[in-house]
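Written below as structure tokens is the structure these notes are about.
Since the model is a prediction, treat every value here as computed from it, not as a measurement.
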Amino acid sequence: MNDVNIYKDIGSLLASSKNTVVVTGAGISTEAGIPDFRGEKGIYRTLGEDKVMNLINVDAFRRRTEEFYKFYRNYFMLPKVKPSRAHYLLAEMEKKGIIKAIVTQNIDNLHQKAGSKRVIAVHGNADNFICTKIGCPTMVDGDYVRSVSDLVPKCPQCGSILKPDVVLFGEPIQNHRLARDTILNAQLLVVIGSSLTVYPLAGFVGEYCASSEKFIIINKGPTALDHKATVKLDTDNTGKALEEILKYIE
Ligand code: APR
Ligand code: ZN
């Protein structure tokens, strides 16, 4: 099926849905300049998935904190990038009532920066750092952490170690219940830029597919749930794809 027909099909599914939820992954932020994990140039490809999983986990944070921060500062202190065209279009689609919410695995805060209001982030926000001392409410941003000379940043209030406000491997995701309910209650689910390989989010999408036939995937290359898609658009430019799709809704 050629792209125009796919744009048309996706456009009509979006136009006839009263409750469309979008699930995004790292693939939507590559167009903003942030590498993804498992794509062709993903950091798992370049650095090795084991190495990353071995370091970006809560055990390494606790027991090998210096090693953790050395790696984190190199690869997870995201460059100051602007949202991509796709982020802005999704914010516009929310304003027009075309989509109801975004559940994102991304930690780059780009949906919020692009103006999306209903964003449910399940893996946290890389630009926030929270104090590890129970009861200390301090939270600082990446600029503060970049400004201190210590490799392992300390809380400016109580001196305890600061932790990035991201979900490390071995930790429960954030907004678990809200993310699952939002996905399962959707009338139409659209996945953009995710390999759908990381749980529990991939599990929520699988659960949705078990009881719905309206499932769209917009992704470059295969995902773990392609066989469940009503429409699959294989693209490496989600901004252009959304622009084309919108022509069939307005
Ligand atoms: N347009 C469309 N798809 C793209 C683009 C693009 N411009 N760039 C990359 N992709 C696709 C890749 O081909 C890949 O299939 O996006 C997908 C991104 O998949 P992953 O890198 O696995 O990212 P994601 O699914 O978000 O990973 C989930 O894994 O490591 C953890 O916590 C991390 O949140 C992350 C989670
Ligand atoms: Zn503190």
CD on E94 to CZ on R118, rounded to 0.5 Å: 9.0 Å
Out of the candidates I183, V205, L178, V191, only one should pair with V103 under the side-chain contact (heavy atoms from CB on, under 4.5 Å) rule; please name it. I183
With clusters defined by side-chain heavy atoms of hydrophobic residues (ILVMFWY) lying less than 4.5 Å apart, directly or transitively, does I99 cluster with I217? no
F61 versus P164, closest heavy-atom pair with distance: CE1-CD, 4.1 Å
Just wondering, do F76 and I43 contact through their side chains at under 4.5 Å, heavy atoms? yes
Evaluate the criterion side-chain contact (heavy atoms from CB on, under 4.5 Å) for residue pair M93 and L246; output intermediate values, then yes/no. CA-CA 9 Å; M93 288 166 77; L246 273 170; 3.8 Å; yes
Closest contact, heavy atoms only, G221 versus D234: N-OD1, 3.0 Å
Euclidean distance, D236 CG relative to T30 OG1, rounded to 0.5 Å: 8.0 Å
For the student: nearest non-hydrogen atoms of L89 and G239, plus distance: CD1-O, 3.4 Å
So, H123 side chain and Q105 main chain: donor-acceptor pair closer than 3.5 Å or not? yes
Check: L13 main-chain N/O paired with S16 side-chain donor or acceptor under 3.5 Å: yes
List, one per line, each side-chain donor-acceptor pair under 3.5 Å for residues 124-139, sequence neighbours excluded.
from, atom 1, to, atom 2, distance (Å)
N125, OD1, D127, N, 2.7
D127, OD1, G142, N, 3.3
T132, OG1, I161, O, 2.6

What one should report as the nearest heavy-atom pair of L225 and A202 is CD1-O, 4.0 Å
With distance as the sole test, does Q187 use its side chain to make a donor-acceptor pair with the main-chain N or O of K18 at under 3.5 Å? yes
Report yes if the side chains of I216 and L233 come closer than 4.5 Å at any heavy-atom pair, otherwise no. no
For R64 and N57, run side chain to side chain donor-acceptor pair (under 3.5 Å): C-alpha distance rounded to whole Å, both residues' side-chain angles, the deciding distance at 0.1 Å, then the answer. CA-CA 10 Å; R64 295 178 283 143; N57 81 48; 5.4 Å; no
Dump the intermediate steps for side-chain contact (heavy atoms from CB on, under 4.5 Å) on V152 and D150, then the final yes or no. CA-CA 5 Å; V152 178; D150 296 345; 5.5 Å; no
Any idea which heavy atoms bring T20 and S17 closest together, and the distance? OG1-OG, 2.7 Å
Please answer: with hydrophobic residues joined when any side-chain heavy atoms are less than 4.5 Å apart, are Y44 and F68 in the same cluster? yes
Distance-only, no hydrogens or angles: does the S212 side chain make a donor-acceptor pair with backbone N or O of K214 under 3.5 Å? yes
For K70, I'd like to know if atom NZ has over 12 heavy atoms of other residues, nucleotides or ligands within 6.0 Å. no
Donor-acceptor under 3.5 Å (N106 side chain, A26 main chain): yes
For a quick test of reading the model, state the closest non-hydrogen atom pair linking G115 to A91 and the distance between them. C-CB, 3.8 Å
Could you tell me whether a side-chain N or O of N175 sits under 3.5 Å from a main-chain N or O of V122, the two making a donor and an acceptor? no
Looking at residues at least two apart in the chain, or sitting in another chain, which of them share a ring pair (Phe, Tyr, Trp, His ring centres under 6.0 Å) with F204? H176
Do side-chain atoms of T230 reach the backbone of E213 as a donor and acceptor pair under 3.5 angstrom? yes
Establish whether F215 and L201 are linked, either directly or via other cluster members, by ILVMFWY side-chain heavy-atom contacts under 4.5 Å. yes
For D165, the side-chain hydrogen bond (donor to acceptor under 3.5 Å, both in side chains) test, sequence neighbours excluded, returns Q174
Given the rule that I, L, V, M, F, W and Y join up when any side-chain heavy atoms are under 4.5 Å apart, are V81 and F37 in one cluster? yes
Let's go through I56 and F71 carefully: what are the C-alpha distance in whole Å and the side-chain angles of both, what is the deciding distance for side-chain contact (heavy atoms from CB on, under 4.5 Å) to 0.1 Å, and is it a yes or a no? CA-CA 8 Å; I56 300 297; F71 187 80; 3.8 Å; yes
Is there side-chain contact between L188 and L14, with at least one heavy-atom pair below 4.5 Å? yes
Does the side chain of R38 reach to within under 4.5 Å of the side chain of T197, using non-hydrogen atoms? yes
Quick check: do V145 and D143 have side-chain heavy atoms less than 4.5 Å from each other? no
Return the CG to OH distance between L189 and Y208, rounded to the nearest 0.5 Å. 5.5 Å
Side-chain contact, heavy-atom cut-off 4.5 Å: I249 with I245? yes
How long is the span from the CZ atom in R85 to the OG1 atom in T238, to the nearest 0.5 Å? 10.5 Å
With side-chain contact (heavy atoms from CB on, under 4.5 Å) as the criterion, how do K220 and T235 come out once you've worked through the C-alpha distance, each side chain's angles and the decisive distance to 0.1 Å? CA-CA 5 Å; K220 178 170 132 195; T235 175; over 6 Å; no
At what distance, to the nearest 0.5 angstrom, does OG1 of T182 lie from CD1 of I102? 12.0 Å
Verify the neighbour count for atom CZ of R177: are there more than 12 heavy atoms of other residues, nucleotides or ligands below 6.0 Å? no
Check the hydrophobic clustering (I, L, V, M, F, W, Y; side-chain heavy atoms under 4.5 Å; chains of links allowed) and say if V21 and L90 are grouped together. no
Given 3.5 Å as the limit, does a donor-acceptor pair link the side chain of D108 with the main chain of L110, or not? yes
Are there over 12 heavy-atom neighbours, none belonging to E49, within less than 6.0 Å of that residue's CD? yes
Would a distance-only check, ignoring hydrogens and angles, find a side-chain to backbone donor-acceptor pair under 3.5 Å from N19 to N185? yes
Within-4.5 Å side-chain heavy-atom neighbours: K163 and L168: yes
Using a distance-only test with no angle check, is there a side-chain donor-acceptor pair under 3.5 angstrom linking H111 and T24? yes
Less than 4.5 Å apart, side chain to side chain, heavy atoms only: is that true for S12 and Y248? no
With the threshold set at 4.0 Å, does a side-chain nitrogen-carboxylate oxygen contact exist between K240 and E243? no
When you measure from the side chain of E31 to the backbone N and O of A86, does any donor-acceptor pair fall under 3.5 Å? no
Measuring from atom OH of Y7 to atom NZ of K247, what distance do you get when rounded to the nearest 0.5 angstrom? 8.5 Å
